[in-house]
Amino acid sequence: MTTASSPSTGQTSPLSQLNDPQRQAVTHGNGPLLILAGAGSGKTRVITFRIAHLLSQGIAPWHILAVTFTNKAAGEMKRRVRELVGEPAHAVWVSTFHSFSARFLRLEHEAAGLPKEFSIYDDDDSTRLVKRVVKDLNLPERTYTAGVVKSRLSAAKDRLQDPRAYANLAHDDFGRRIAEIYAEYQARLQSAGAVDFDDLILRTLSTLETNESLRQRWQARFLHVLVDEYQDTNAAQARLVGILAEPERNICVVGDDDQSIYAWRGANIQNILGFAKTYPDAVTIRLEQNYRSRPNILEVAHAVVSKNLNRHPKKLWTDKHPGEKITLILAPDDWAEAEMVVGRIRLLRERDGLNGADCVILYRTNAQSRAFEEAFRRHSVPYVLVGGTRFYQRAEIKDVLAYMQLTINGNDEIALLRIINRPKRGIGEASQEKLIAACHAARRKWVDFLADSDAVAAAVGPRAAAAIAQLSLQLNRLKAERTGMGMSDWCKHLVETVNIKQIWEEDDPLQAESRRENVEELVAAIAEYETTTEAPSLSGFLEQVALVADIDSYDSQPEAVTLMTLHSAKGLEFPVVFITGLEEGLFPLSRSMEKPETLEEEYRLFYVGATRAKERLFLTYARTRHRFGPTGSMKSRFIEEIPRDYLDIENLIPDTTLEPGGLGYDAPGRTWRAGGFLNNARRGQSVVRRDSEPTLPRTGVAASLQAGTVIRHPKFGEGEVLAIRGAGDGTTCDIAFRSGFTKTLMVRFAPLEILRQ
DNA sequence: GCATAGATCTTTTTT
DNA sequence: AGATCTATGC
């Protein structure tokens, strides 16, 4: 992670490669230890060296537990420990919170009250279950939307409240209903033999807390617990590692409050800020020397994050040469922004001898990747995209996985309902509803219920009943066949027997080909798992699949520029970083601007992004952007926070001046005209590229509306604009139509044609 | 039970 | 604008 020389074996003592505070942290003896490690201060180095140090002190490797958030970070940590100590590294427990918990629950499934082969529900599965529950409780789906319910449940789980505790605290009708949903959701998980992501941690915690002898056994197992990215832990996670570290309390946590960017997922910054209160005898060590970035980059990052009120005042320092100024690129729109970035990268490659793989493009939302992908393809520059729709989330993959899952856990309701009529077997929605009602009314498990042909026949018509008998038979046969063959061959066989490809043809024949390819990739992934894992098992594979993030499998490829969100970039570093889309409402995101706490998190996100850069940092702004239609925007407040001396500004917006109060742009989405836009040759090209429509983009029309404009609407006919209200995405206009009525329309959606200004 | 057209929401970030 | 969900008619 640092640019300092890599640890050489032999010769010098590893400790001589460390600075004073780093060495103190590494050699700290027993008792709680808090390491406040700024960005690029050699945090991973300290953790790995500390593990090596503990081993050298005679601690057995299996007595050490190191926990991180991503599999990638865990893998990296393991690799580096192995570099330092060789084979013993193998026996050190290095894992993520979630994979540790999954492993724990497999081992202790009885005490945890779970079947051995429990399913792990990812986000999509748990959303489906929430919807199912809301429907089965006969609650209005509009009020209790999956999004609202899930955020409530997740918040409850973050606070360690079970359904009963939640119900007791509910003070209004809505809260009581949520409590009902929560209780039913958990009951359904239980009878499906499944846990969701939050439950992995919570069940591990409650199993440890309620079972004393088991707890003592696990506590004895770990004499030293090390936690990375402690600022991102939630209540359950902090408590989990706290318990495991008892009674010795050899807990070493590493983190940086300035890099806390997961509060929205329940991370509690108080865990790190209040660590010294929880452990009064904790030793605190600060790592403030940065080995990664040029001073100019650090200054800019600091200028922004230091505006936050809720933080420990601190400032990183480095003895490097200042480096170049930060380049701020002002582009007229997102298309030009992407062009500029690609152009700069080509220049860096040709003139400065940099490799594409040295560069990363960061953005706030995944949707922004598209413009860059197009630009890279236009210019034939290789790139890798991290994130977006994950491979294992794709419908065709989840279908296959659901079949596989059902052969090991036949009670998995979500998997069952996913495939019960895919491919179509004549078990339609009505039959499905009847089955669900009957199965739950009888309080039976699915395996049991479906095998009972009388019960099924009583619930649904004869055709559906026959189809269900077929399906159960098929699943049982597949299950039996599994023992006889290799996993990947079996998967291939499954895809054939079930006739999975029929699903794709039913859904969308155009995409059938790419779906087939994806499933082939899945088979290949299983084959790889099979050959590279010590004791491969189907449930092991499915678990791995549920717990991988896209970032985990990310490896920079030769020559390829990386594209990812700011969140994904945490923990990585690149010589050249582009932070893009620096516009009010996008970064910081408008939803985050409502509350001071979430706005501060955006500042930290900027800090995380900027401190990824070793040599050069570029910031880009696009005056208009195609979001739901183009919207004009003002430059991000982050830009305003940066002292001008550090900036090299490239203004590509025509007819604007850079002046004192700002960077010279017009009010959002109002003053520029579609016509003027198109007259510019370069812009014209961009518009044609983007929408193949030969006419003016509607968006341009919307932008030139003003009171008095006469328009035509395909449905309502001719009318006159009375007023424009609001700004940005939410802009509406009142229009008086000739036919006599007045209507308020969303400017960005209304298909208006301008007749007269 | 299924196909189609209309309605509605979406885009924050992820284990 | 586009995807996804819902309502309706066959």
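Order of the sequence lines fixes the chain letters, A, B, ..., with proteins taken first and strands second; residue numbering starts at 1 for each chain.
Summarising the geometry, the separation between OH on A/Y363 and P on B/dT13 is reported as 10 Å, rounded to the nearest angstrom. Note: CD (A/E229) to C1' (B/dT15) measures 13 Å, nearest angstrom. Rounded to whole Å, the distance from CD1 on A/I201 to C1' on B/dT14 is 13 Å. In this structure, A/L240 places its CG atom 18 Å from P of B/dT15, rounding to the nearest Å. For the pair A/Q237 CD and B/dT14 C1', the interatomic distance rounds to 12 Å; values are reported in whole Å. When rounded to the nearest whole Å, the span between NZ of A/K157 and P of B/dT15 equals 18 Å.
The side chain of A/A367 has B/dT11 as its nearest neighbour among B/dT11, B/dT13, C/dC5.
Judged by distance alone, the side chains of A/D199 and A/Q186 do bring a donor and an acceptor atom under 3.5 Å apart. Remark: the A/S592 side chain and the A/E602 side chain contain an N/O donor-acceptor pair separated by less than 3.5 Å. Using modelled atom types and a 3.5 Å distance limit, the side chains of A/Q259 and A/Y607 yield no donor-acceptor pair. Of the N and O atoms on the side chains of A/D196 and A/Y185, at least one donor lies less than 3.5 Å from an acceptor on the other residue.
Aromatic ring orientation, A/H98 versus A/F197: perpendicular (interplanar angle above 60°, classes split at 30° and 60°). The aromatic rings of A/F606 and A/F587 lie tilted to each other, with the angle between the two planes from 30° to 60°.
Regarding contacts with the backbone of C/dC5, a side-chain N or O of A/K131 is found under 4.0 angstrom from either OP1 or OP2. OP1 or OP2 of B/dT14 has at least one side-chain nitrogen or oxygen of A/T565 nearer than 4.0 Å. Using a 4.0 Å cut-off, no side-chain N or O of A/S99 falls inside it from OP1 or OP2 of B/dT15. The shortest distance between the side-chain N/O atoms of A/N71 and the OP1/OP2 oxygens of B/dT15 is not below 4.0 Å.
If you check every strand for non-hydrogen atoms under 4.0 Å, A/F197 touches a base. A/Y262 comes within 4.0 angstrom of the backbone, heavy atoms only, and of no base.
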Listing time: all N or O pairs from protein to nucleotides 1-3 of chain B that are below 3.5 Å?
residue: B/dG1; atom: OP2; partner: A/G428; partner atom: N; Å: 2.8
residue: B/dG1; atom: OP2; partner: A/S431; partner atom: OG; Å: 3.1

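A stacked arrangement is assigned to A/W264 and the six-membered base ring of B/dT13, with a centre-to-centre distance below 5.5 Å and an interplanar angle below 30°.
Each of A/L189, A/D412, A/I414 was scored for a side-chain contact (heavy atoms from CB on, under 4.5 Å) with A/S119, with one residue passing: A/D412.
Residues A/T598 and A/H98 each lie close to DNA chain B; by heavy-atom proximity, the contact nearer the 5' end of the strand is made by A/T598.
Taking the P atom of each, B/dT11 and C/dT6 are spaced 15 Å apart, rounded to whole Å.
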